[in-house]
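Contents: one structure, followed by commentary.
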Amino acid sequence: MEYLDQVYFGNSLKTWLIAIGIVALSVVAVMLIKRLLVRWIKRFAEASAHGLRYLFINVIGSTKFLLVLVICLYAGTSALTIPAAAVRFIEIGAIIAAFLQFGLWGNAIITFWIGRIVQEKIQRDAAGATTLTALGFLARVVFWAGLLLFALDNLGVNITGLAAGIGIGGIAIALAVQNILGDLFASLSIVLDKPFVIGDFIIVDEYLGTVEHIGLKTTRVRSLSGEQLVFSNTDLLKSRIRNYKRMFERRIEFEVGITYQTPLEKVKQVSGMLRSIIEQQPKARFDRAHFKHFGDSALMYEAVYYVNTPEYNDYMDTQESINLAIMQLFAEQAIEFAYPTRTLFVQDDIKKPVDQSRETK
(Lines give C-alpha, C1' and ligand atoms only; values in the text may rest on other atoms or scores of the structure.)
Protein backbone atom coordinates (compact mmCIF):
# COMPACT_ATOMS: atom_id res chain seq x y z
CA MET A 1 0.00 0.00 0.00
CA GLU A 2 2.64 2.39 -1.10
CA TYR A 3 0.10 4.83 -2.46
CA LEU A 4 -0.85 5.66 1.14
CA ASP A 5 2.65 6.97 1.65
CA GLN A 6 2.44 9.41 -1.22
CA VAL A 7 2.80 12.99 -0.01
CA TYR A 8 0.27 15.69 -0.83
CA PHE A 9 0.73 19.27 0.45
CA GLY A 10 3.30 18.14 2.98
CA ASN A 11 1.31 15.17 4.35
CA SER A 12 0.97 11.58 3.27
CA LEU A 13 -2.31 10.30 1.95
CA LYS A 14 -2.61 8.14 5.03
CA THR A 15 -2.31 11.21 7.24
CA TRP A 16 -4.96 13.03 5.18
CA LEU A 17 -7.33 10.08 5.53
CA ILE A 18 -6.76 9.98 9.28
CA ALA A 19 -7.51 13.70 9.53
CA ILE A 20 -10.65 13.34 7.42
CA GLY A 21 -11.71 10.36 9.51
CA ILE A 22 -11.25 12.36 12.71
CA VAL A 23 -13.41 15.16 11.32
CA ALA A 24 -16.09 12.82 9.98
CA LEU A 25 -16.26 10.69 13.10
CA SER A 26 -16.35 13.77 15.33
CA VAL A 27 -19.20 15.34 13.38
CA VAL A 28 -21.16 12.09 13.17
CA ALA A 29 -20.61 11.41 16.87
CA VAL A 30 -21.76 14.89 17.94
CA MET A 31 -24.86 14.89 15.72
CA LEU A 32 -25.70 11.30 16.70
CA ILE A 33 -25.40 12.16 20.38
CA LYS A 34 -27.60 15.19 19.77
CA ARG A 35 -30.31 13.08 18.12
CA LEU A 36 -30.15 10.35 20.76
CA LEU A 37 -30.33 12.87 23.59
CA VAL A 38 -33.37 14.56 22.07
CA ARG A 39 -35.14 11.21 21.63
CA TRP A 40 -34.26 10.11 25.14
CA ILE A 41 -35.45 13.38 26.67
CA LYS A 42 -38.70 13.27 24.69
CA ARG A 43 -39.28 9.72 25.83
CA PHE A 44 -38.52 10.79 29.39
CA ALA A 45 -40.90 13.75 28.96
CA GLU A 46 -43.83 11.42 28.27
CA ALA A 47 -43.45 9.92 31.74
CA SER A 48 -42.51 13.12 33.59
CA ALA A 49 -44.07 16.52 33.93
CA HIS A 50 -40.81 18.25 34.89
CA GLY A 51 -40.37 21.48 32.92
CA LEU A 52 -36.58 21.19 32.57
CA ARG A 53 -37.03 18.65 29.78
CA TYR A 54 -38.05 21.49 27.46
CA LEU A 55 -34.95 23.41 28.47
CA PHE A 56 -32.70 20.47 27.55
CA ILE A 57 -34.51 19.99 24.24
CA ASN A 58 -34.16 23.68 23.36
CA VAL A 59 -30.49 23.79 24.31
CA ILE A 60 -29.58 20.59 22.46
CA GLY A 61 -31.71 21.65 19.50
CA SER A 62 -29.74 24.89 19.19
CA THR A 63 -26.58 22.91 18.34
CA LYS A 64 -25.75 23.83 14.72
CA PHE A 65 -24.17 21.44 12.24
CA LEU A 66 -21.96 24.05 10.51
CA LEU A 67 -20.50 25.27 13.81
CA VAL A 68 -19.79 21.71 14.90
CA LEU A 69 -18.14 21.03 11.54
CA VAL A 70 -15.79 24.00 11.89
CA ILE A 71 -14.77 22.88 15.39
CA CYS A 72 -14.21 19.32 14.20
CA LEU A 73 -12.07 20.59 11.30
CA TYR A 74 -9.77 22.17 13.83
CA ALA A 75 -9.60 18.87 15.70
CA GLY A 76 -8.71 17.10 12.44
CA THR A 77 -5.76 19.41 11.75
CA SER A 78 -3.99 18.00 14.82
CA ALA A 79 -3.01 15.00 12.70
CA LEU A 80 -1.62 17.14 9.88
CA THR A 81 1.54 19.07 9.33
CA ILE A 82 0.44 22.37 7.83
CA PRO A 83 1.83 25.91 7.82
CA ALA A 84 1.43 27.98 10.97
CA ALA A 85 -0.64 30.59 9.13
CA ALA A 86 -3.16 27.97 8.04
CA VAL A 87 -3.29 26.52 11.55
CA ARG A 88 -3.95 30.01 12.97
CA PHE A 89 -6.67 30.64 10.40
CA ILE A 90 -8.44 27.37 11.25
CA GLU A 91 -7.93 28.04 14.97
CA ILE A 92 -9.60 31.47 14.66
CA GLY A 93 -12.52 29.92 12.82
CA ALA A 94 -12.87 27.24 15.50
CA ILE A 95 -12.79 29.83 18.30
CA ILE A 96 -15.46 31.91 16.60
CA ALA A 97 -17.60 28.82 15.95
CA ALA A 98 -17.19 27.64 19.55
CA PHE A 99 -18.22 30.99 21.02
CA LEU A 100 -21.15 31.26 18.62
CA GLN A 101 -22.30 27.81 19.71
CA PHE A 102 -21.93 28.76 23.39
CA GLY A 103 -23.89 31.90 22.62
CA LEU A 104 -26.72 29.92 21.06
CA TRP A 105 -26.85 27.62 24.07
CA GLY A 106 -26.87 30.52 26.49
CA ASN A 107 -29.50 32.37 24.47
CA ALA A 108 -31.70 29.25 24.49
CA ILE A 109 -31.39 29.03 28.28
CA ILE A 110 -32.27 32.72 28.78
CA THR A 111 -35.18 32.53 26.32
CA PHE A 112 -36.60 29.42 27.97
CA TRP A 113 -36.26 30.83 31.49
CA ILE A 114 -37.82 34.20 30.64
CA GLY A 115 -40.59 32.70 28.49
CA ARG A 116 -41.57 30.18 31.13
CA ILE A 117 -41.75 32.69 33.98
CA VAL A 118 -43.59 35.28 31.87
CA GLN A 119 -46.16 32.68 30.84
CA GLU A 120 -46.75 31.80 34.49
CA LYS A 121 -46.98 35.42 35.68
CA ILE A 122 -48.90 37.07 32.83
CA GLN A 123 -52.31 36.09 34.24
CA ARG A 124 -51.77 36.96 37.89
CA ASP A 125 -48.94 39.51 37.81
CA ALA A 126 -48.75 41.56 34.62
CA ALA A 127 -46.23 43.92 36.20
CA GLY A 128 -43.83 41.09 37.00
CA ALA A 129 -44.22 39.69 33.48
CA THR A 130 -43.40 43.07 31.95
CA THR A 131 -40.35 43.46 34.17
CA LEU A 132 -39.04 40.00 33.30
CA THR A 133 -39.45 40.65 29.57
CA ALA A 134 -37.30 43.77 29.80
CA LEU A 135 -34.77 42.08 32.07
CA GLY A 136 -34.58 39.18 29.62
CA PHE A 137 -33.65 41.58 26.82
CA LEU A 138 -30.97 43.17 29.00
CA ALA A 139 -29.69 39.73 30.00
CA ARG A 140 -29.27 38.78 26.34
CA VAL A 141 -27.45 42.03 25.58
CA VAL A 142 -25.07 41.60 28.52
CA PHE A 143 -24.53 37.90 27.75
CA TRP A 144 -23.65 38.47 24.07
CA ALA A 145 -21.50 41.51 24.89
CA GLY A 146 -19.52 39.55 27.49
CA LEU A 147 -19.18 36.59 25.14
CA LEU A 148 -17.92 38.88 22.38
CA LEU A 149 -15.26 40.44 24.60
CA PHE A 150 -14.19 37.01 25.85
CA ALA A 151 -13.92 35.71 22.28
CA LEU A 152 -11.87 38.73 21.18
CA ASP A 153 -9.56 38.24 24.15
CA ASN A 154 -8.99 34.61 23.09
CA LEU A 155 -8.31 35.80 19.56
CA GLY A 156 -5.49 38.01 20.83
CA VAL A 157 -7.27 41.34 20.54
CA ASN A 158 -6.36 43.98 23.15
CA ILE A 159 -9.80 44.46 24.67
CA THR A 160 -8.56 47.25 27.00
CA GLY A 161 -8.00 49.60 24.09
CA LEU A 162 -11.14 48.27 22.45
CA ALA A 163 -13.18 49.03 25.56
CA ALA A 164 -11.85 52.60 25.59
CA GLY A 165 -12.69 52.97 21.92
CA ILE A 166 -16.15 51.53 22.49
CA GLY A 167 -16.66 54.03 25.30
CA ILE A 168 -15.77 57.01 23.09
CA GLY A 169 -17.83 55.63 20.22
CA GLY A 170 -20.68 54.96 22.62
CA ILE A 171 -20.75 58.61 23.65
CA ALA A 172 -20.91 59.71 20.02
CA ILE A 173 -23.65 57.20 19.24
CA ALA A 174 -25.58 58.21 22.36
CA LEU A 175 -25.59 61.85 21.25
CA ALA A 176 -26.79 60.82 17.79
CA VAL A 177 -29.62 58.61 19.03
CA GLN A 178 -30.50 60.40 22.25
CA ASN A 179 -34.24 60.36 21.44
CA ILE A 180 -34.20 56.59 21.02
CA LEU A 181 -32.14 56.17 24.18
CA GLY A 182 -34.57 58.47 25.99
CA ASP A 183 -37.43 56.17 25.05
CA LEU A 184 -35.34 53.15 26.08
CA PHE A 185 -34.63 54.55 29.55
CA ALA A 186 -38.25 55.64 29.82
CA SER A 187 -39.23 52.05 29.08
CA LEU A 188 -36.96 50.85 31.88
CA SER A 189 -38.53 53.44 34.20
CA ILE A 190 -41.99 52.13 33.33
CA VAL A 191 -40.88 48.54 33.90
CA LEU A 192 -39.15 49.22 37.23
CA ASP A 193 -41.43 51.89 38.69
CA LYS A 194 -44.64 50.31 37.30
CA PRO A 195 -46.94 53.35 36.96
CA PHE A 196 -49.04 50.97 34.87
CA VAL A 197 -48.77 47.42 33.54
CA ILE A 198 -50.32 45.43 30.71
CA GLY A 199 -54.08 45.23 31.21
CA ASP A 200 -54.44 48.51 33.14
CA PHE A 201 -57.07 51.03 32.05
CA ILE A 202 -55.41 54.45 31.87
CA ILE A 203 -56.26 58.00 30.80
CA VAL A 204 -53.52 60.13 29.24
CA ASP A 205 -54.70 63.71 28.67
CA GLU A 206 -57.87 63.23 26.61
CA TYR A 207 -56.99 59.69 25.48
CA LEU A 208 -58.13 56.59 27.34
CA GLY A 209 -57.89 52.84 26.89
CA THR A 210 -56.34 49.55 28.03
CA VAL A 211 -52.56 48.99 27.92
CA GLU A 212 -51.77 46.21 25.43
CA HIS A 213 -48.01 46.36 25.00
CA ILE A 214 -45.05 48.08 26.69
CA GLY A 215 -42.14 48.13 24.27
CA LEU A 216 -38.61 49.53 24.32
CA LYS A 217 -39.67 52.66 22.43
CA THR A 218 -43.46 52.86 22.51
CA THR A 219 -46.44 51.83 24.61
CA ARG A 220 -49.62 50.74 22.82
CA VAL A 221 -53.08 51.35 24.24
CA ARG A 222 -56.38 49.97 22.90
CA SER A 223 -58.98 52.74 23.08
CA LEU A 224 -62.64 52.21 23.90
CA SER A 225 -63.61 52.92 20.30
CA GLY A 226 -61.32 50.12 19.08
CA GLU A 227 -58.31 51.82 17.52
CA GLN A 228 -54.79 51.39 18.85
CA LEU A 229 -53.09 54.42 20.37
CA VAL A 230 -49.27 54.47 20.22
CA PHE A 231 -47.42 56.65 22.73
CA SER A 232 -43.71 57.38 22.88
CA ASN A 233 -42.45 56.21 26.27
CA THR A 234 -40.75 59.54 26.91
CA ASP A 235 -43.88 61.55 26.10
CA LEU A 236 -45.98 59.15 28.14
CA LEU A 237 -43.95 59.67 31.31
CA LYS A 238 -44.13 63.45 30.84
CA SER A 239 -47.94 63.26 30.86
CA ARG A 240 -50.31 63.00 33.81
CA ILE A 241 -51.58 59.44 33.80
CA ARG A 242 -54.72 58.32 35.60
CA ASN A 243 -54.66 54.58 36.25
CA TYR A 244 -58.18 53.32 36.94
CA LYS A 245 -57.01 49.72 37.40
CA ARG A 246 -55.31 50.77 40.64
CA MET A 247 -58.59 52.11 41.97
CA PHE A 248 -59.86 50.07 44.92
CA GLU A 249 -63.23 51.82 45.17
CA ARG A 250 -65.10 54.69 43.53
CA ARG A 251 -66.38 57.77 45.33
CA ILE A 252 -69.70 58.84 43.83
CA GLU A 253 -71.39 62.17 44.45
CA PHE A 254 -74.80 63.09 43.05
CA GLU A 255 -77.54 65.65 43.62
CA VAL A 256 -81.33 65.48 43.74
CA GLY A 257 -83.66 68.46 43.63
CA ILE A 258 -87.27 68.67 44.87
CA THR A 259 -89.82 71.44 44.48
CA TYR A 260 -90.22 74.34 46.91
CA GLN A 261 -93.84 73.34 47.39
CA THR A 262 -92.77 70.17 49.27
CA PRO A 263 -94.07 70.19 52.89
CA LEU A 264 -91.45 70.76 55.59
CA GLU A 265 -91.97 67.35 57.18
CA LYS A 266 -91.17 65.59 53.93
CA VAL A 267 -88.23 67.89 53.32
CA LYS A 268 -86.76 66.62 56.59
CA GLN A 269 -87.26 62.99 55.54
CA VAL A 270 -85.51 63.08 52.15
CA SER A 271 -81.96 62.73 53.54
CA GLY A 272 -82.99 59.60 55.44
CA MET A 273 -84.69 58.23 52.33
CA LEU A 274 -81.49 58.66 50.31
CA ARG A 275 -79.45 56.96 53.02
CA SER A 276 -81.85 54.01 53.20
CA ILE A 277 -81.80 53.55 49.42
CA ILE A 278 -77.98 53.63 49.20
CA GLU A 279 -77.53 51.24 52.12
CA GLN A 280 -79.72 48.68 50.36
CA GLN A 281 -77.26 48.43 47.45
CA PRO A 282 -74.96 45.36 47.82
CA LYS A 283 -71.87 47.03 46.32
CA ALA A 284 -72.32 50.50 47.84
CA ARG A 285 -71.05 51.98 51.12
CA PHE A 286 -73.02 55.00 52.32
CA ASP A 287 -71.05 58.12 53.32
CA ARG A 288 -73.51 61.02 53.74
CA ALA A 289 -76.70 62.68 52.49
CA HIS A 290 -77.67 66.28 53.30
CA PHE A 291 -80.03 69.08 52.34
CA LYS A 292 -77.29 71.10 50.70
CA HIS A 293 -78.65 74.42 49.50
CA PHE A 294 -81.55 76.41 48.05
CA GLY A 295 -81.32 76.27 44.30
CA ASP A 296 -82.84 78.64 41.78
CA SER A 297 -85.85 76.40 41.33
CA ALA A 298 -85.27 73.46 43.71
CA LEU A 299 -84.33 72.34 47.19
CA MET A 300 -81.02 70.57 46.50
CA TYR A 301 -79.81 67.44 48.29
CA GLU A 302 -76.33 66.00 47.96
CA ALA A 303 -75.51 62.32 48.58
CA VAL A 304 -72.12 60.62 48.62
CA TYR A 305 -71.35 56.91 48.60
CA TYR A 306 -68.55 54.50 47.63
CA VAL A 307 -68.74 51.62 45.19
CA ASN A 308 -66.46 48.97 46.67
CA THR A 309 -65.23 47.65 43.30
CA PRO A 310 -63.24 49.56 40.65
CA GLU A 311 -65.32 48.25 37.75
CA TYR A 312 -67.17 50.95 35.83
CA ASN A 313 -70.09 48.64 35.05
CA ASP A 314 -70.60 48.00 38.78
CA TYR A 315 -70.77 51.72 39.39
CA MET A 316 -73.31 52.27 36.63
CA ASP A 317 -75.46 49.34 37.78
CA THR A 318 -75.47 50.68 41.35
CA GLN A 319 -76.30 54.23 40.30
CA GLU A 320 -79.12 53.01 38.09
CA SER A 321 -80.62 51.02 40.96
CA ILE A 322 -80.38 54.07 43.23
CA ASN A 323 -82.04 56.32 40.65
CA LEU A 324 -84.93 53.91 40.10
CA ALA A 325 -85.42 53.46 43.84
CA ILE A 326 -85.49 57.24 44.37
CA MET A 327 -88.13 57.66 41.66
CA GLN A 328 -90.26 54.90 43.15
CA LEU A 329 -90.03 56.21 46.74
CA PHE A 330 -90.68 59.83 45.76
CA ALA A 331 -93.74 58.74 43.80
CA GLU A 332 -95.05 56.84 46.85
CA GLN A 333 -94.44 59.83 49.15
CA ALA A 334 -95.88 62.38 46.67
CA ILE A 335 -92.56 64.24 46.48
CA GLU A 336 -92.03 65.98 43.17
CA PHE A 337 -88.71 66.35 41.40
CA ALA A 338 -87.84 69.92 40.62
CA TYR A 339 -87.19 71.17 37.15
CA PRO A 340 -86.16 74.63 35.95
CA THR A 341 -89.11 76.99 36.47
CA ARG A 342 -89.64 80.73 36.67
CA THR A 343 -92.52 82.46 38.42
CA LEU A 344 -93.41 85.94 37.19
CA PHE A 345 -95.22 88.27 39.61
CA VAL A 346 -97.12 91.15 37.90
CA GLN A 347 -98.40 94.08 39.99
CA ASP A 348 -100.89 96.51 38.43
CA ASP A 349 -100.24 100.00 39.91
CA ILE A 350 -102.27 101.97 37.29
CA LYS A 351 -105.39 103.68 38.82
CA LYS A 352 -108.59 103.40 36.84
CA PRO A 353 -110.35 106.76 35.89
CA VAL A 354 -113.51 107.65 37.89
CA ASP A 355 -116.86 107.86 36.02
CA GLN A 356 -118.07 111.50 36.84
CA SER A 357 -121.56 110.98 35.51
CA ARG A 358 -122.27 108.22 38.08
CA GLU A 359 -120.99 110.43 40.96
CA THR A 360 -123.31 113.32 39.94
CA LYS A 361 -126.28 111.08 40.03
Side-chain angles (χ1 to χ4, degrees), residues 1 3-119 136-137 139-157 159:
M1 303 183 69
Y3 65 92
L4 293 177
D5 296 327
Q6 296 180 3
V7 177
Y8 299 94
F9 301 104
N11 294 277
S12 65
L13 180 59
K14 179 180 178 180
T15 305
W16 280 109
L17 291 175
I18 292 173
I20 295 172
I22 291 173
V23 173
L25 288 175
S26 299
V27 173
V28 171
V30 171
M31 301 311 295
L32 183 60
I33 291 173
K34 171 186 173 182
R35 179 171 296 183
L36 291 175
L37 282 175
V38 170
R39 287 183 178 179
W40 181 82
I41 293 172
K42 286 183 177 180
R43 198 174 296 123
F44 173 75
E46 294 175 357
S48 172
H50 200 276
L52 289 178
R53 65 186 185 274
Y54 298 110
L55 171 61
F56 294 136
I57 292 174
N58 289 337
V59 172
I60 296 171
S62 63
T63 303
K64 302 301 180 184
F65 172 78
L66 289 177
L67 298 179
V68 172
L69 178 61
V70 173
I71 298 171
C72 292
L73 283 174
Y74 176 70
T77 58
S78 60
L80 298 174
T81 302
I82 56 177
V87 173
R88 182 57 181 166
F89 178 77
I90 297 174
E91 182 182 3
I92 291 174
I95 292 174
I96 294 174
F99 277 101
L100 282 176
Q101 186 57 69
F102 283 131
L104 292 175
W105 286 337
N107 187 74
I109 294 173
I110 295 173
T111 301
F112 171 81
W113 176 67
I114 295 297
R116 181 182 177 187
I117 298 179
V118 167
Q119 190 174 16
F137 172 79
R140 292 187 186 93
V141 172
V142 172
F143 172 74
W144 281 103
L147 197 64
L148 175 62
L149 292 176
F150 193 43
L152 291 175
D153 183 57
N154 280 270
L155 291 172
V157 178
I159 61 173

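Contacts of Ile96 classified as side chain to side chain contact (heavy atoms under 4.5 Å, CB included), with partners at least two apart in sequence or in another chain: Ile92, Leu100, Leu155. Under the rule for a side chain to side chain contact (heavy atoms under 4.5 Å, CB included), the partners of Ala94 that lie at least two apart in sequence or sit in another chain are Tyr74. Partners of Ile109 according to the side chain to side chain contact (heavy atoms under 4.5 Å, CB included) rule, which considers only residues two or more places apart in sequence or in another chain, are Leu55, Val59. Every residue meeting the ring-ring contact (aromatic ring centres under 6.0 Å, His included) condition with Phe102, not counting sequence neighbours, appears here in chain and number order: Trp105. Every residue meeting the side chain to side chain contact (heavy atoms under 4.5 Å, CB included) condition with Ser26, not counting sequence neighbours, appears here in chain and number order: Ile22, Cys72.
Taking CE from Met31 and CG from Leu69, the interatomic distance works out to 10.0 Å, rounded to the nearest 0.5 Å. Summarising the geometry, atom CD1 belonging to Ile20 is positioned 10.0 Å from atom CG belonging to Leu73; distances are rounded to the nearest 0.5 Å.
Between Leu148 and Trp144 the shortest side-chain heavy-atom distance does not fall below 4.5 Å. Considering only heavy atoms from C-beta on, Leu67 comes within 4.5 Å of Leu104 through its side chain.
Closest approach of Val68 to Thr63, counting heavy atoms only: CG2-CG2, 3.7 Å. Contact record, Lys64 with Gln101: N-OE1, 3.0 Å, taken as the closest heavy-atom pair.
Among residues at least two apart or in separate chains, salt bridge (Lys or Arg N to Asp or Glu O under 4.0 Å) pairs with a member in residues 89-108 are Arg88-Glu91.
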